[in-house]
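This report refers to the structure that appears directly beneath it.
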Amino acid sequence: MELTHPDKVLFEDGRVTKGELAAFFEAVREPLLRFARGHVVFVKRYPEGTGGKGFFQKNLPEYAPEWMKAVDLGKWKKARYTIVEELDTILWWVNQDAIEFHLVPLRAPDFKYVRYMVFDLDPPEGMPFAEVRDFALAIRPVIESFGYATCVKPSGKRGAHIYCPLEPRWTAEEVFAAAKEVGEAILERFPGHTLDPRAERGPHSILVDILRNHPFQSAVMPWSTRAVPEATVSLPLTWESFGKMESPKEFTVRTVPSWYARHGDAWADFAEKAGPLHTSGKR
DNA sequence: GCCAGCC
DNA sequence: GGCTGGCAACGCGTG
DNA sequence: CACGCG
């Protein structure tokens with residue numbers, strides 16, 4: 001994939017260019033594709049860089065080349081969604097100034113069953129990262145008490161994501177219902193936080209967003225960059241590495257390639273950890 | 001970044 | 001030819 | 001009932 005304007009600055013801090021962004025994705029192609037291949041991907045594009053206005057794009061435009069793989073998932077509307085097939089899928093979108101990649105947890109070829117459950121931990125404005133980090137560490141045993149494996153990563157902005165790999169045998173409706181039970185158990189154990197995105201929140205109240213599990217909702221792709229001037233990355237980590245994090249700015253387009261070369265892919269065994277839904281007694 | 005619609 | 005606006009859409013809460 | 005927004 002040759003880029004049209006590789007020297008165009010997309011991230012103001014450090015003047016990271018489109019070409020560097022593409023080189024970043026090439027450096028992490030192996031773990032990125034291991035996770036994302038076959039998934040429906042939505043993008044957030046910033047033609048004027050992270051300082052400008054961005055927009056979410058779900059449909060693959062007509063002007064995209066033939067080789068960009070798409071699927072019609074016409075549930076309520078005839079939509080042509082991009083499927084991650086090769087790294088060029090990502091790079092073609094990079095050339096369109098896509099900075100953030102969001103995955104729907106459905107995978108080719110059936111696009112029927114969900115591959116993971118997501119807990120998106122969203123801190124209120126001004127909360128230090130250490131406080132969200134410690135909350136993630138604290139709720140881990142609650143989630144695991146339902147029998148799930150847990151994988152953690154910084155969101156790349158201010159929060160964190162916990163993914164539970166699932167055997168692909170349940171629909172989004174079923175997974176959401178199960179996530180709601182887990183969320184309620186978290187709130188019971190740690191009152192003062194919330195599951196409601198519209199709730200009025202105090203300075204120590206974290207939103208445990210389970211709505212990412214609703215049908216056709218998406219969540220930030222592991223290894224995706226985020227649209228902040230520092231070019232941070234939502235880097236899959238071990239719980240041990242995550243527990244040492246002090247700031248999401250530790251992991252950027254500039255630092256992650258060497259970090260990956262040294263530490264490898266913390267989520268390499270994601271698929272092997274897949275388990276059943278805890279509500280699936282009678283299957 | 002690219003297109004369609006409008007001036 | 002140049003400028004501008006769109007490029008998502010669920011479920012609930014408010015006027 | 002039409003929008004506004006997270």
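To find a chain, count down the sequence lines: A is the first, B the second, and so on, and within it residues start at 1.
The separation between A:Gln57 atom CD and C:dG5 atom P is 18 Å, rounded to whole Å. Rounded to an integer number of Å, the gap from CZ of A:Phe55 to P of B:dC3 is 13 Å. The interatomic distance linking A:Asp196 (CG) with C:dG13 (P) rounds to 8 Å, in whole Å. The CZ atom of A:Arg80 sits 17 Å away from the P atom of C:dC7 (whole-angstrom rounding). In this structure, the CD atom of A:Gln96 is 19 Å from the P atom of C:dG6, given to the nearest Å. Between the P atom of C:dG11 and the CZ atom of A:Phe216 lies a distance of 13 Å, rounded to the nearest Å. Rounded to a whole Å, the CH2 atom of A:Trp93 is 13 Å from the P atom of C:dC7. Between the P atom of C:dA9 and the CG atom of A:Leu211 lies a distance of 18 Å, rounded to the nearest Å.
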What N/O pairs connect the protein and nucleotides 2-6 of chain D at under 3.5 Å? Give each pair on its own line.
residue: D:dG6; atom: O3'; partner: A:Pro197; partner atom: O; Å: 3.2

With the criterion being N/O to N/O and under 3.5 Å, what pairs connect the protein with nucleotides 1-3 of chain C, and how long is each?
none

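Each of B:dC3, C:dA9, C:dG11 was ranked by its minimum atom distance to the side chain of A:His214; first place goes to C:dG11. With C:dA9, C:dC7, B:dC3 as the choices, the nucleotide that has an atom nearest any side-chain atom of A:Tyr63 turns out to be B:dC3. Residue A:Gln217 has its side chain nearest to C:dC10 when only C:dC7, C:dA9, C:dC10 are considered.
Taking only side-chain nitrogens and oxygens, A:Asn59 comes nearer than 4.0 Å to OP1 or OP2 of C:dA8.
B:dG5 and C:dA8 have their P atoms separated by 16 Å, given to the nearest Å. With both ends at atom P, the span from C:dG6 to D:dC3 equals 15 Å, rounded to whole Å. With P as the reference atom, C:dG5 and D:dG6 are 22 Å apart, rounded to whole Å.
Among residues two or more places apart in sequence or in another chain, the side chain to side chain donor-acceptor pair (under 3.5 Å) test is passed with A:Arg45 by A:Gln57, A:Gln96. For A:Tyr260, there are no side chain to side chain donor-acceptor pair (under 3.5 Å) partners at least two apart in sequence or on another chain. Here A:Ala231 pairs with A:Phe11, A:Val16, A:Val253 under the side-chain contact (heavy atoms from CB on, under 4.5 Å) rule; sequence neighbours left out. Listed by chain and number, the residues in a side-chain contact (heavy atoms from CB on, under 4.5 Å) with A:Pro65 are A:Trp67, A:Met68, A:Trp92 (sequence neighbours excluded). Looking at residues two or more places apart in sequence or on another chain, you find a side-chain contact (heavy atoms from CB on, under 4.5 Å) between A:Ala199 and A:Thr194, A:Asp196. Applying the side-chain contact (heavy atoms from CB on, under 4.5 Å) test to A:Ser155 and every residue at least two apart in sequence or in another chain returns A:Lys157, A:His161, A:Arg226.
In this structure, a donor-acceptor pair under 3.5 Å is present between the side chains of A:Thr50 and A:Glu12.
Counting heavy atoms from C-beta on, the side chains of A:Tyr116 and A:Pro168 never come closer than 4.5 Å.
A:Lys18 comes within 4.0 angstrom of the backbone, heavy atoms only, and of no base.
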Mind listing the side-chain donor-acceptor pairs of residues 25-37 of chain A below 3.5 Å, one per line with the distance, residues two or more places apart or on another chain?
residue: A:Arg34; atom: NE; partner: A:Asp265; partner atom: OD2; Å: 3.3
residue: A:Arg34; atom: NH2; partner: A:Asp265; partner atom: OD2; Å: 2.9
residue: A:Arg37; atom: NE; partner: A:Glu85; partner atom: O; Å: 2.8
residue: A:Arg37; atom: NH2; partner: A:Glu85; partner atom: O; Å: 3.3
residue: A:Arg37; atom: NH2; partner: A:Glu86; partner atom: OE1; Å: 3.3

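Electrostatic pairing of A:Arg254 and A:Glu20 counts as a salt bridge here, judged by a charged N lying under 4.0 Å from a carboxylate O.
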